[in-house]
Novice: 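Let me give you the structure first, and then I'll get to my questions.
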Protein chains: 2
Amino acid sequence: MEDLTKAEEKIFSAAKEEFIEKGFDGARMQAIADRAGISKAALHYYYRSKEKLFKKVVNFIFNMVFNSVKQKIEEKLSFEEKVHFIISMYIDTILQHKHMAFFLFSELMKHPQILDELIKKQEKITTLSAAYQAELEKGKIRSIEPRHLILNVVSMCIYPILGSPLIIRILGFSKTEYDAFLQERKEQVFEFVMKSLRP
Amino acid sequence: MEDLTKAEEKIFSAAKEEFIEKGFDGARMQAIADRAGISKAALHYYYRSKEKLFKKVVNFIFNMVFNSVKQKIEEKLSFEEKVHFIISMYIDTILQHKHMAFFLFSELMKHPQILDELIKKQEKITTLSAAYQAELEKGKIRSIEPRHLILNVVSMCIYPILGSPLIIRILGFSKTEYDAFLQERKEQVFEFVMKSLRP
DNA sequence: ATTTGCCTTAACCATCCGGTCAAACCATGT
DNA sequence: ACATGGTTTGACCGGATGGTTAAGGCAAAT
């Protein structure tokens, strides 16, 4: 992101809050202006329309979330360590940006075209599936279709966090209990995956 | 649901479509009236307000989805068969009611209070975790915290479907490819779970 | 034929919302 | 002191939106 003046900064952060809380349809330009402590006219002076402001916010949040997730996985790590690293990182990152992650998921579902503009490449899979291949040939793990493996891991990390408000109510957790439960999951999911991959 | 006149039926089904496509904020009463082929005033005559109509729709869809998911698991099935049954049923049901499931997820996230009115009980867990206990004592599977097991299974079934528009784009599937992939998952997830549960 | 009660509609209302504009504000350079 | 140009604002606009109302239509009951 280019450098922003203080006014632009305040507006942008106000817009992030409003859009994350209310979504595109629910967000109000006046509410964004109020949060930023300026007039609605000034808001339009900086960001000409709701759509443009929204797209900038989505773009920013998308990059923020995906950059934190896409940290380099060090080459020297073993396959097992890589799996463990990916799981921990996914859970920590998504937990940290919970609201943003849900906002992204929700809005991108409604307007999937936005994704097309944002997605360039995604090498994460190859980096893991290469390590998987090597491990497989050493006979240390069983054979499995890599895309299913990836989707299994990602699902077990993301869904319990994305759907937490629902899951909490359905399984009868308290919020603090569920936070602890999600921390446990870092080890639990790792164990679940590695146990499944035994030859 | 009580019996509805033909007019009410048409209106209700029009409302379902509109709300599912646009969500509460995006839905328009006029659009619902148009779909149903009546005037906006007639619409308000039957369902007094947008909120009331919305809640009835949510309630209906919630029951429809959860009732199909909550089919009885026959007692005589073995633990393995039960796991397989749950996975297949989850994937089939959610796949069948894809749009409704996403609508529910999305709207319930924004207004979790609605859930409180809808949730009475949820015995699904006990029915499976009892079978799990028995199997564990026979030494046929390893020990695992049942809530993690359940959440793992549910996540691997739900997330790949809920997030399909995103996943398709990120993993570079076509829609038909992805449909086949999701069918494969019924066996893949089952195998993944059972392999993990080996002692 | 008239009443009764359900249904439908066109017209209308108040409010809200995104966006515009002309005027004012203010710091800087001359 | 004055002009310049970026910044800020209150007032306003057009259109959309949820909701209301008064009047009428229509079919069955009287």
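To find a chain, count down the sequence lines: A is the first, B the second, and so on, and within it residues start at 1.
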Novice: What is the distance from CG of A/D34 to C1' of D/dT9, rounded to the nearest Å?
Specialist: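 Rounded to whole Å, this separation is 14 Å.
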Novice: Please determine which of B/E187, B/K186, B/E191 meets the side chain to side chain donor-acceptor pair (under 3.5 Å) test together with B/H84.
Specialist: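 Testing B/H84 for a side chain to side chain donor-acceptor pair (under 3.5 Å) against B/E187, B/K186, B/E191 leaves exactly one candidate, B/E187.
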Novice: Quick one: A/I38 CD1 to D/dG10 P, roughly how many Å, whole number?
Specialist: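 My rounded result for the distance is 11 Å.
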Novice: State, with a plain yes or no, whether a side-chain heavy atom of A/E107 is found less than 4.5 Å away from one of A/F19.
Specialist: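 With C-beta onward as the side chain, the pair stays apart.
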Novice: Check for me whether A/K110 meets the cation-pi criterion with A/F24, that is, NZ or CZ under 6.0 Å from the six-membered ring centre and within 45 degrees of the ring axis.
Specialist: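 The answer is no, since A/K110 fails at least one limit relative to A/F24.
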Novice: Taking NZ, NE, NH1 and NH2 as the nitrogens, is one of them in B/R35 or B/E21 under 4.0 Å from a carboxylate oxygen of the other?
Specialist: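 A salt bridge is present here (some side-chain N lies under 4.0 Å from a carboxylate O).
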Novice: Just the rounded figure in Å: distance from P of C/dT8 to CD of B/E8.
Specialist: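 The answer, rounded to whole Å, is 10 Å.
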Novice: Report yes if some heavy atom in the side chain of B/S196 is under 4.5 Å from a heavy atom in the side chain of A/V193; otherwise report no.
Specialist: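 Not touching, per the 4.5 Å side-chain cut-off.
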Novice: Using atom CD1 of B/I11 as one end and atom P of C/dT9 as the other, report the distance to the nearest whole Å.
Specialist: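 Rounded to the whole Å, the gap is 10 Å.
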Novice: Under 4.0 Å between a side-chain N or O of A/Y45 and OP1 or OP2 of D/dT9?
Specialist: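 For A/Y45, the contact criterion (side-chain N or O under 4.0 Å from OP1 or OP2 of D/dT9) is not met.
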Novice: May I ask you to check whether A/F181 and A/Y178 place their ring centers less than 6.0 Å from one another?
Specialist: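 Here the rings of A/Y178 and A/F181 have centres that are less than 6.0 Å from each other.
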Novice: Could you run through nucleotides 15-20 of chain D and give me one letter per nucleotide, 5' to 3': B if any protein heavy atom sits under 4.0 Å from the base, S if only the sugar-phosphate is that close, - if neither?
Specialist: --SBBB
Novice: Mind calculating the distance between OH (B/Y47) and P (C/dC7) to the nearest angstrom?
Specialist: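 Distance check: B/Y47 OH to C/dC7 P gives 12 Å.
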